[in-house]
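Here the structure is laid out as structure tokens; the discussion comes afterwards.
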4 protein chains.
Amino acid sequence: MPLSDKQVKTMEQKREKILQQAIILFAQQGYESTTIAKVAKASGVSFGSVFTYFENKDQLFYHAVTEPLETKYRTTLLDFDPEAEDILAEIKSMIDKHIRTFIEMHTYLQLVVQVIGQHTKFPEPFKILDDFSLEFILKLQQIIRNGQKSGVLEESDEDLTATAYMGFLLGIRLTFTDYAVSRIWEQLKIPAFQLLYPKR
Amino acid sequence: MPLSDKQVKTMEQKREKILQQAIILFAQQGYESTTIAKVAKASGVSFGSVFTYFENKDQLFYHAVTEPLETKYRTTLLDFDPEAEDILAEIKSMIDKHIRTFIEMHTYLQLVVQVIGQHTKFPEPFKILDDFSLEFILKLQQIIRNGQKSGVLEESDEDLTATAYMGFLLGIRLTFTDYAVSRIWEQLKIPAFQLLYPKR
Amino acid sequence: MPLSDKQVKTMEQKREKILQQAIILFAQQGYESTTIAKVAKASGVSFGSVFTYFENKDQLFYHAVTEPLETKYRTTLLDFDPEAEDILAEIKSMIDKHIRTFIEMHTYLQLVVQVIGQHTKFPEPFKILDDFSLEFILKLQQIIRNGQKSGVLEESDEDLTATAYMGFLLGIRLTFTDYAVSRIWEQLKIPAFQLLYPKR
Amino acid sequence: MPLSDKQVKTMEQKREKILQQAIILFAQQGYESTTIAKVAKASGVSFGSVFTYFENKDQLFYHAVTEPLETKYRTTLLDFDPEAEDILAEIKSMIDKHIRTFIEMHTYLQLVVQVIGQHTKFPEPFKILDDFSLEFILKLQQIIRNGQKSGVLEESDEDLTATAYMGFLLGIRLTFTDYAVSRIWEQLKIPAFQLLYPKR
DNA sequence: AATGAATGAGGCTTCATTCAT
DNA sequence: GATGAATGAAGCCTCATTCAT
């Protein structure tokens with residue numbers, strides 16, 4: 001007797017709730033300090049139920065790191081067209097989206113930074129992040145190259161520039177507090193654009 | 001019976017060795033995964049000796065975070081003169097020093113990022129870092145302002161620019177691998193300079 | 001609504017399947033290492049179904065230990081006639097049957113040995129086994145006594161001899177591997193017979 | 001500063017105490033039902049101390065199975081000389097020793113039987129036992145062969161006879177209770193001897 | 001000061017049992 | 001009757017800290 005649709009839905013919601021709380025806790029308290037008991041309490045499920053949805057703590061962490069990227073951020077961050085007609089408008093729209101997204105990603109980025117910083121401890125999730133960053137940089141290089149070709153951007157080493165741009169996004173989000181960033185996020189577009197060497 | 005000079009020196013070296021290894025381990029494996037036993041083994045001292053030199057694990061972490069800043073990085077990072085005669089040369093020299101230092105700080109920065117990301121878990125060391133970053137930014141703002149006054153830099157919000165510059169330094173070091181960075185660090189001066197809006 | 005014959009039969013088969021797999025798992029992995037989930041999987045029934053047929057794990061174990069004895073081995077092992085006319089032929093036939101049965105009982109005997117060895121942990125199944133062994137020994141004593149009376153066996157303490165014989169059957173099955181035993185089981189009749197002090 | 005002799009001695013005694021209690025508990029309650037907490041309590045040490053002396057539960061079990069064999073039983077059980085002058089006396093003395101030892105081994109044998117019965121669960125300790133049993137049987141074969149040569153024993157397949165003899169020792173100890181065995185152990189020499197086909 | 005054994009609290013994980021569907 | 005999600009008790013193990021030597 002298979003589970004009813006209603007049951008399946010409830011379970012999906014439960015899994016989602018657990019994952020959301022796990023992301024927050026892992027981000028704020030780190031891998032070890034986040035106990036399964038805390039996750040269970042925060043999600044309003046019993047201790048044992050966490051293991052119904054995730055094989056073990058390692059897997060929970062893995063999904064906490066990879067699922068937001070796959071289901072949300074990957075699409076948004078790669079949502080720009082290096083071949084756009086109006087390349088300047090595309091670049092500005094891209095920057096706007098990137099800044100906005102990185103600001104929204106705050107909690108998630110703390111997770112990302114842990115994985116990157118201690119990548120020997122977290123090889124599997126690190127691989128996912130590393131692969132994505134490569135993909136991201138490659139697409140950035142394309143739009144930069146096209147910006148240069150069409151005379152919108154000055155000449156520069158596109159690899160260096162793309163990496164600098166990505167580093168800036170990451171660094172800025174780690175430097176600013178939530179409060180500070182909310183006041184000035186609109187302005188952050190300016191140095192981000194500047195990093196791409198806009199023609200004047 | 002007072003300790004002889006030789007004894008004092010040996011003890012100081014022992015303490016230093018423990019601290020060095022603790023920094024590496026805390027940076028690479030995180031606070032919880034770094035056990036006292038691991039630190040002792042890596043430093044070549046006995047388990048109990050760690051407690052002779054550091055009250056407890058918390059204190060060891062605190063010193064691992066604060067001492068390198070106080071004894072090494074603070075001086076180097078603040079070693080520029082906003083009132084220099086040749087302000088352009090001073091800025092370029094500053095950037096050179098900053099890039100070089102941030103690259104060397106790799107391991108230490110992983111520690112810093114942990115503290116910042118999980119600052120509720122580490123309030124005391126966080127305060128030290130936070131205070132320094134404020135001081136750093138304020139001094140950056142001064143040199144930027146003077147650069148603008150003397151016509152070397154274009155006009156920009158100096159608070160925003162200083163923070164962007166610092167975020168860039170941090171982000172770049174988290175983005176690049178050791179290998180990648182060693183090949184191109186010279187070039188990183190270019191986008192760093194660009195972030196300050198140099199006049200052309 | 002009473003169950004149809006077909007339904008009853010299906011259920012009986014299901015119960016039997018569960019019990020068979022439980023016997024194997026309990027025998028090979030022990031009581032604690034045998035989980036209900038493993039039994040369910042091995043029997044091809046759902047997890048919950050195990051509890052439909054057996055009240056709890058304890059009961060499942062109890063039935064795994066007692067049912068094979070009651071339904072199979074008791075009859076076979078006691079199937080000899082101390083009052084037989086040709087007592088020598090009866091003894092030889094008995095030994096043949098015993099050896100053959102003990103060899104076939106391999107898996108089940110591992111269960112038996114667990115219960116005997118840890119009888120404080122398993123008092124109820126132990127009682128069943130203990131009662132049977134008493135009954136077995138008593139009947140062995142009878143045939144031994146009659147063998148002695150009719151001059152087929154030499155004089156010996158029949159209690160001691162019966163117990164030695166039973167111990168031999170058990171010990172031999174624990175000592176030999178399946179492979180070894182299959183090659184030589186025919187020969188095992190010789191020392192078994194010897195233990196009864198045959199007249200030459 | 002190394003540990004003093006006194007400390008070392010205390011530690012050795014502690015280890016021994018833990019091992020003794022572990023043997024008893026493993027034998028009577030089985031591997032899984034024997035918890036580290038029970039062992040600690042029975043040995044009068046703290047929970048954590050068990051791990052000071054044994055890496056983990058598996059290792060504790062391994063040593064519980066192998067050490068008594070190596071330090072006590074191996075020597076005693078192999079202490080007979082197949083080349084003895086008076087081979088009959090040697091055989092009788094051997095049987096006496098074996099019966100006596102197997103009776104004393106009661107608790108330990110329950111451990112042995114667990115390992116043999118569930119050898120897939122305990123491959124390492126099983127190997128040790130298996131190797132010993134091979135060695136034991138080989139030496140038994142020698143003395144049997146010499147007994148036959150010198151006309152003390154009737155002809156028989158020495159491999160079969162040796163194995164039957166060993167199986168008997170094991171089985172008898174599993175069949176009899178402590179009480180029963182204490183009353184009759186002297187008599188058990190008789191069927192054991194009989195198993196070797198003594199000449200009359 | 002140096003050493004490392006002793007302690008037990010706390011975390012992950014397993015699993016029998018319950019129960020809603 | 002059949003199914004499998006939910007629950008939490010219990011076990012193994014780690015590790016910071018203490019303390020005797």
Side-chain angles (χ1 to χ4, degrees), chain A residues 1-8 10-11 14-15 32-40 45-60, chain B residues 1 3 7-8 10-11 14-15 32-40 45-60, chain C residues 1 3 7-8 10-11 14-15 32-40 45-60, chain D residues 1-8 10-11 14-15 32-40 45-60:
Chain A
M1 187 173 38
L3 296 174
S4 69
D5 283 4
K6 202 176 143 198
Q7 280 175 310
V8 169
T10 310
M11 285 184 68
K14 221 165 182 173
R15 184 185 186 282
E32 338 277 341
S33 294
T34 299
T35 67
I36 300 287
K38 282 182 191 170
V39 173
V45 304
S46 81
F47 177 80
S49 281
V50 177
F51 291 95
T52 304
Y53 294 94
F54 298 92
E55 212 185 329
N56 53 34
K57 194 181 173 182
D58 250 41
Q59 282 300 304
L60 178 58
Chain B
M1 184 177 52
L3 298 170
Q7 280 177 309
V8 169
T10 311
M11 284 183 66
K14 223 167 181 174
R15 183 185 186 283
E32 336 279 341
S33 294
T34 299
T35 68
I36 300 290
K38 283 182 191 170
V39 173
V45 303
S46 80
F47 176 78
S49 281
V50 178
F51 289 96
T52 304
Y53 293 96
F54 299 91
E55 207 184 334
N56 54 32
K57 194 181 175 182
D58 252 42
Q59 280 302 303
L60 178 59
Chain C
M1 183 177 52
L3 298 170
Q7 280 176 308
V8 169
T10 309
M11 284 182 65
K14 224 168 181 172
R15 184 184 185 284
E32 338 278 339
S33 294
T34 299
T35 67
I36 300 290
K38 282 182 191 170
V39 173
V45 304
S46 80
F47 176 78
S49 281
V50 176
F51 288 95
T52 303
Y53 293 95
F54 299 91
E55 207 185 333
N56 54 32
K57 195 181 174 181
D58 251 42
Q59 282 301 304
L60 178 59
Chain D
M1 188 170 41
L3 296 174
S4 68
D5 284 3
K6 202 177 144 197
Q7 281 175 309
V8 169
T10 310
M11 286 183 69
K14 222 165 181 173
R15 185 185 185 282
E32 338 278 340
S33 294
T34 299
T35 67
I36 300 288
K38 282 182 192 170
V39 174
V45 304
S46 80
F47 177 81
S49 280
V50 177
F51 291 95
T52 302
Y53 294 93
F54 298 92
E55 211 185 331
N56 53 33
K57 194 181 174 180
D58 251 42
Q59 281 301 304
L60 178 59

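Just so you know, these numbers come straight off a predicted model, no measurement behind them. What's counted below: heavy atoms across the whole structure, side chains too, no hydrogens, waters or symmetry copies.
For the atom pair C/S49 OG and C/R15 CZ, the distance stands at 13.5 Å (nearest 0.5 Å). In this structure, NZ on B/K14 lies 8.0 Å from OG1 on B/T52, to the nearest 0.5 angstrom.
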Base versus backbone protein contacts along nucleotides 12-18 of chain E [heavy-atom cut-off under 4.0 Å; B, S, -]: SBBSSBB
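As the counterpart of E/dT21, F/dA2 is assigned, both hydrogen-bonding distances of the Watson-Crick or G-U wobble pattern falling under 3.5 Å. Base-pair partner of F/dA9: E/dT14 (Watson-Crick or G-U wobble, both distances under 3.5 Å). Nucleotide E/dT7 forms a Watson-Crick or G-U wobble pair with F/dA16, both donor-acceptor distances falling under 3.5 Å.
The listed nucleotides are F/dA5, E/dT3, E/dT7; the one nearest the side chain of B/S49 is E/dT3.
Residue A/K6 contributes atom NZ, which lies 7 Å from atom P of E/dT21 at whole-angstrom precision. Following rounding to the nearest Å, D/F54 (CZ) and E/dA6 (C1') show an atom-to-atom distance of 16 Å. In this structure, OH of B/Y53 is placed 8 Å from P of E/dA1, rounded to the nearest angstrom. Going from atom CE of D/M11 over to atom C1' of E/dA6 covers 10 Å, rounded to whole Å.
Scanning both residues, B/F47 and B/A40, for their nearest heavy atoms gives CA-CB, 3.8 Å. Minimum heavy-atom separation, B/S33 to A/E32: OG-OE2, 2.6 Å.
Listed pair C/K14 / F/dA2 meets the phosphate criterion, a side-chain N or O lying under 4.0 Å from OP1 or OP2.
Looking at heavy atoms from C-beta onward, B/F51 lies in side-chain contact with B/I36 at the 4.5 angstrom threshold.
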